[in-house]
Amino acid sequence: MTNQIVTINHLQKIYGKKKENEHMALKDISFNVDKGDFVGIMGPSGSGKTTLLNILATLDTATKGEVSITGQDITHLNTNELAEFRAKKLGFIFQNFNLLDNLSIYENIALPLSLQNESSVNIRTMVEKIAETLDITRILNNYPNEVSGGQQQRAAAARALVHQPSLLLGDEPTGALDSKNAKSLLESMKALNEEQLVTILLVTHDAFSASYCKRILFIKDGMLFKEIHRQGTRHDFYKEILAVLEEYSEV
Ligand SMILES: Nc1ncnc2c1ncn2[C@@H]1O[C@H](COP(=O)(O)OP(=O)(O)OP(=O)(O)O)[C@@H](O)[C@H]1O
Ligand SMILES: [Mg+2]
């Protein structure tokens, strides 16, 4: 068994079908992510962060290069295989969390399991466990419009995690939250990473969010620009991140 959750080798992405419309969003990117890692992806607007995440999420395809998740090469799966792979192995939290308004928080979280034909007893056990981790047990019977933005976001995180994915992907998941709710979601993600070894890849432009990661990859113009690892306190890491962001504007 490999401990490697993500393997990316010489990844390239060119948008546009006609020559004159071509845009190389990712030039040549290689990196690995091991089980239990918490990796941040940072970079200026337009540097290719969402492109990279969408390829990992199997929502878009690479032009060239290798992309493997838990040892499986995802660049050669057909549509049905991709849908099954996504449903079993991946969890997503995006900026607009898209809970279904006419389902309770419980039903929203249970949805991925219902779609996989889990028994209702198993579903209850799994939903209650993840709800406890994310501190939303009290609101399970409420509807999305009856709870706070932060609680909605944690419910969306619970839905992304209830089937115990190998990899959790987030694209600016705290983008729509105020600082208190953002902090609470980040603390929850940190707990999941440390206590349940959930592997997380988080795209963010925000140094505070990034300071929760264990390592950060900085991209610029579709290339890896720098990588840093957290060594000391979160506050020291935060300052180091700000210094790297400063460096960007100078090159
Ligand atoms: N569907 C598309 N067709 C053509 N070009 C695209 C498409 N999606 C993105 N691009 C271009 O690819 C580049 C990378 O875009 P991407 O969305 O990955 O950037 P990003 O780093 O996520 O930026 P932001 O921080 O603003 O979200 C940009 O120049 C963008 O205009
Ligand atoms: Mg983006």
Side-chain angles (χ1 to χ4, degrees), residues 6-33 37-69 74-75 79 82 86 90-98 149 153 156-157 160 167-179 181-182 185-186 189 199-213 215-228 238 240-251:
V6 175
T7 312
I8 291 189
N9 270 319
H10 300 297
L11 176 64
Q12 186 187 78
K13 174 67 182 180
I14 301 175
Y15 286 113
K17 291 211 161 58
K18 292 198 182 124
K19 261 260 169 293
E20 60 271 26
N21 296 333
E22 274 187 4
H23 178 78
M24 198 184 283
L26 298 175
K27 291 192 180 122
D28 182 358
I29 294 217
S30 302
F31 67 90
N32 299 323
V33 179
D37 208 346
F38 188 168
V39 180
I41 310 274
M42 297 193 84
S45 180
S47 58
K49 304 180 298 294
T50 295
T51 302
L52 175 62
L53 207 78
N54 284 346
I55 292 172
L56 277 169
T58 75
L59 302 172
D60 199 354
T61 53
T63 307
K64 255 196 216 169
E66 182 199 353
V67 185
S68 297
I69 299 178
I74 58 165
T75 55
T79 315
L82 277 178
R86 256 198 307 272
L90 302 179
F92 311 94
I93 330 178
F94 294 136
Q95 183 168 351
N96 304 314
F97 15 100
N98 293 329
Q153 188 60 307
L167 179 63
L168 177 67
L169 299 167
D171 195 352
E172 305 282 3
T174 58
L177 300 177
D178 64 23
S179 59
N181 281 315
L185 179 65
L186 290 162
M189 289 171 78
T199 308
I200 305 177
L201 214 98
L202 174 71
V203 165
T204 180
H205 62 261
D206 169 42
F208 178 77
S209 301
S211 70
Y212 279 82
C213 299
R215 90 182 148 118
I216 299 178
L217 306 174
F218 293 86
I219 31 181
K220 191 180 164 95
D221 302 329
M223 298 277 284
L224 282 185
F225 166 75
K226 196 177 178 92
E227 175 172 349
I228 58 174
Y238 174 71
E240 193 181 350
I241 295 163
L242 290 181
V244 177
L245 294 178
E246 192 74 12
E247 241 179 89
Y248 262 117
S249 45
E250 288 163 14
V251 288

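Numbering of ligands and ligand atoms starts at 1, following listing order.
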So, Lys226 side chain and Leu217 main chain: donor-acceptor pair closer than 3.5 Å or not? no
So, 4.0 Å and heavy atoms of His23: is ligand 1 close enough to count as a contact? yes
Just distances here: any N/O of Gly46 and N/O of ligand 1 closer than 3.5 Å? yes
Mark the output for Gly222 as yes if a heavy-atom distance to ligand 1 is under 4.0 Å, and as no if none is. no
Is it true that Gly48 lies under 4.0 Å from ligand 1, counting heavy atoms only? yes
Is a side-chain donor or acceptor of Lys13 paired with a backbone partner of Thr51 at a separation under 3.5 angstrom? no
Student check: side-chain heavy atoms of Lys49 and Val203 closer than 4.5 Å: yes
Within a distance of under 4.0 Å, is there any protein heavy atom near atom 31 (O) of ligand 1? no
Backbone N/O of His205 and side chain of Glu172: donor-acceptor pair under 3.5 Å: yes
Given Ile41 and Leu52, is the side chain to side chain contact (heavy atoms under 4.5 Å, CB included) satisfied, shown in steps? CA-CA 9 Å; Ile41 310 274; Leu52 175 62; 3.9 Å; yes
So do Asp28 and Met223 actually touch side chain to side chain, heavy atoms under 4.5 Å? yes
Measuring only between side-chain heavy atoms, which start at C-beta, is Thr199 closer than 4.5 Å to Leu168? no
Starting from atom 26 (O) of ligand 1, what is the nearest protein heavy atom, named by residue and atom, and what distance separates them? Ser45 OG, 2.6 Å
Closest to atom 17 (O) of ligand 1 by heavy-atom distance, out of Leu53, Val203, Thr50, is Thr50
Side chain to side chain, Ile14 and Leu26, heavy atoms closer than 4.5 Å: no
Among Thr51, Ile55, Leu52, Thr204, which one puts a heavy atom closest to atom 16 (P) of ligand 1? Thr51
The protein heavy atom nearest to atom 4 (C) of ligand 1 is Tyr15 CB, 3.3 Å
Of all heavy-atom pairs linking Gly48 and Ile219, the shortest is C-CD1, 3.9 Å
Do Arg215 and Asp37 sit within salt-bridge range, that is, some charged N less than 4.0 Å from a carboxylate O? yes
Distance from Leu202 atom CG to Met42 atom CE, nearest 0.5 Å? 9.0 Å
Taking only non-hydrogen atoms of Pro44 and a 4.0 Å limit, the atoms of ligand 1 in range are 21 (O)
Under-4.0 Å heavy-atom contact between protein and atom 7 (C) of ligand 1: yes
Could you pull out the N/O/S protein atoms under 2.8 Å of the Mg ion (ligand 2), ignoring any water? Thr50 OG1
Return the option from Glu22, Met24, Lys220, Lys49 holding the heavy atom at the smallest distance from atom 21 (O) of ligand 1. Lys49
Okay, side chain of Gln153, backbone of Pro173: is any donor-acceptor separation there less than 3.5 Å? yes
